[in-house]
Amino acid sequence: MTTIEQDSAAIARMLVALMRTVSAIYYPGMQLIDGIELIFVGIHVFLGYVERRPMTVSRLSRALGMSRATVVRRLETLIEVGYVKRQENFYCPEEGVINTPYLRDVLARASKIVITTAKELSKMDTEA
């Protein structure tokens, strides 16, 4: 396997681990692909909030490359589970979802995955 293939494989394993970890924590019992879609919609809602550019269905649809109908269904699920709220035509994280011990635990687990991958990539660089 070439160095670029090794690097790509390490990053691919990291992305799979991140998606599986976050999906299992936030959406237990849900199919992985559904959890991943919810993660991406939720991330975009969060980014819109912290960047002071609240997300609308249209903005989310364009950013994610999803149909408006799919975005609406995913937003409804996020609202139902308590992660997102609607304010007029905009969507933002629900109160209490940001900066909680629960979220810090998720970030710690994700950080560990990223750091492990970075070490693996660094080791490959020194061996090449």
Side-chain angles (χ1 to χ4, degrees):
M1 192 178 321
T2 67
T3 303
I4 192 87
E5 290 171 334
Q6 289 176 328
D7 289 353
S8 297
I11 291 169
R13 283 191 299 275
M14 176 190 71
L15 291 172
V16 169
L18 286 170
M19 290 298 111
R20 285 186 187 280
T21 300
V22 174
S23 184
I25 291 168
Y26 280 103
Y27 310 106
M30 190 175 286
Q31 289 188 350
L32 181 60
I33 192 68
D34 294 326
I36 290 170
E37 278 192 1
L38 289 167
I39 290 165
F40 276 94
V41 173
I43 287 170
H44 278 78
V45 169
F46 172 76
L47 288 173
Y49 173 78
V50 298
E51 293 172 354
R52 307 292 189 256
R53 293 192 50 191
M55 289 294 186
T56 62
V57 171
S58 295
R59 242 185 236 155
L60 286 164
S61 178
R62 282 190 307 274
L64 294 162
M66 291 180 179
S67 71
R68 288 175 55 84
T70 299
V71 170
V72 167
R73 281 193 307 275
R74 294 306 184 194
L75 286 167
E76 287 171 353
T77 300
L78 289 168
I79 290 168
E80 184 179 305
V81 296
Y83 296 142
V84 169
K85 65 181 174 182
R86 181 178 177 174
Q87 294 180 323
E88 297 176 15
N89 291 332
F90 300 102
Y91 294 85
C92 60
E94 186 60 71
E95 300 298 324
V97 172
I98 299 173
N99 203 22
T100 64
Y102 181 72
L103 180 59
R104 284 190 287 275
D105 180 51
V106 171
L107 292 174
R109 290 180 192 201
S111 294
K112 184 176 180 179
I113 292 168
V114 171
I115 290 167
T116 300
T117 302
K119 287 177 182 176
E120 183 181 344
L121 290 169
S122 178
K123 183 178 176 186
M124 283 187 247
D125 280 348
T126 59
E127 292 173 355

Let me have the donor-acceptor pairs involving side chains of residues 64-72, under 3.5 Å, with sequence neighbours excluded, atom names and distances please.
{"from": "Ser67", "atom 1": "OG", "to": "Thr70", "atom 2": "N", "distance (Å)": "3.1"}
{"from": "Ser67", "atom 1": "OG", "to": "Thr70", "atom 2": "OG1", "distance (Å)": "2.9"}
{"from": "Arg68", "atom 1": "NH1", "to": "Ser58", "atom 2": "OG", "distance (Å)": "2.5"}
{"from": "Thr70", "atom 1": "OG1", "to": "Arg73", "atom 2": "NH2", "distance (Å)": "3.2"}

Going by the rule side-chain hydrogen bond (donor to acceptor under 3.5 Å, both in side chains), which residues pair with [X] if we only count those two or more places apart in sequence or in a different chain?
| X | answer |
| --- | --- |
| Arg86 | Asn89 |
| Lys85 | Glu95 |
| Glu51 | none |

Check your understanding: How far does OG of Ser111 sit from CG of Leu18, to the nearest 0.5 angstrom?
Key ->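 The OG atom of Ser111 sits 9.0 Å away from the CG atom of Leu18.
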**Study point:** Reported CG-to-NZ distance for the pair Leu107 and Lys112, which is rounded to 0.5 angstrom
**Key:**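 It comes to 15.0 Å.
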Practice item. May I ask you to check whether over 12 heavy atoms, not counting those of Gln31, lie within 6.0 Å of atom CD? Key: no
Quick one: side chains of residues 34-42, donor-acceptor pairs under 3.5 Å with protein atoms, not counting sequence neighbours, listed by atom name and distance.
{"from": "Asp34", "atom 1": "OD1", "to": "Arg74", "atom 2": "NH2", "distance (Å)": "2.8"}
{"from": "Glu37", "atom 1": "OE1", "to": "Arg74", "atom 2": "NE", "distance (Å)": "2.8"}
{"from": "Glu37", "atom 1": "OE1", "to": "Arg74", "atom 2": "NH2", "distance (Å)": "2.9"}

Considering only heavy atoms from C-beta outward, does the side chain of [X] approach that of [Y] to under 4.5 Å?
| X | Y | answer |
| --- | --- | --- |
| Tyr91 | Thr56 | no |
| Met14 | Glu120 | no |
| Arg109 | Ile113 | no |

**Study point:** Linked, directly or transitively: Leu60 and Phe90 (ILVMFWY side chains, under 4.5 Å)
**Key:**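 As far as the 4.5 Å side-chain criterion goes, Phe90 and Leu60 are not connected within one cluster.
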Review point. Same hydrophobic cluster for Val16 and Leu32, using side-chain heavy-atom links shorter than 4.5 Å among ILVMFWY?
Key: no
Revision key, fill the gap. Tightest non-hydrogen contact, residues Met55 and Gly48, listed as CG-CA, 4.2 Å
**Study point:** Nearest non-hydrogen partners of Leu121 and Ala10, listed with the distance
**Key:** CD2-CB, 3.8 Å
**Study point:** Donor-acceptor pair, side chain of Ser122 and main chain of Ala118, under 3.5 angstrom
**Key:**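 Side chain of Ser122 to backbone of Ala118: no pair is present.
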Review point. Can you check whether Tyr83's main-chain N or O pairs, donor with acceptor, with Tyr26's side chain at less than 3.5 Å?
Key: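 It does not hold such a pair.
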Check your understanding: Got a sec, which residues hit side-chain contact (heavy atoms from CB on, under 4.5 Å) with Arg53, two or more places apart in sequence or on another chain?
Key ->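 Here the qualifying residues are Arg59.
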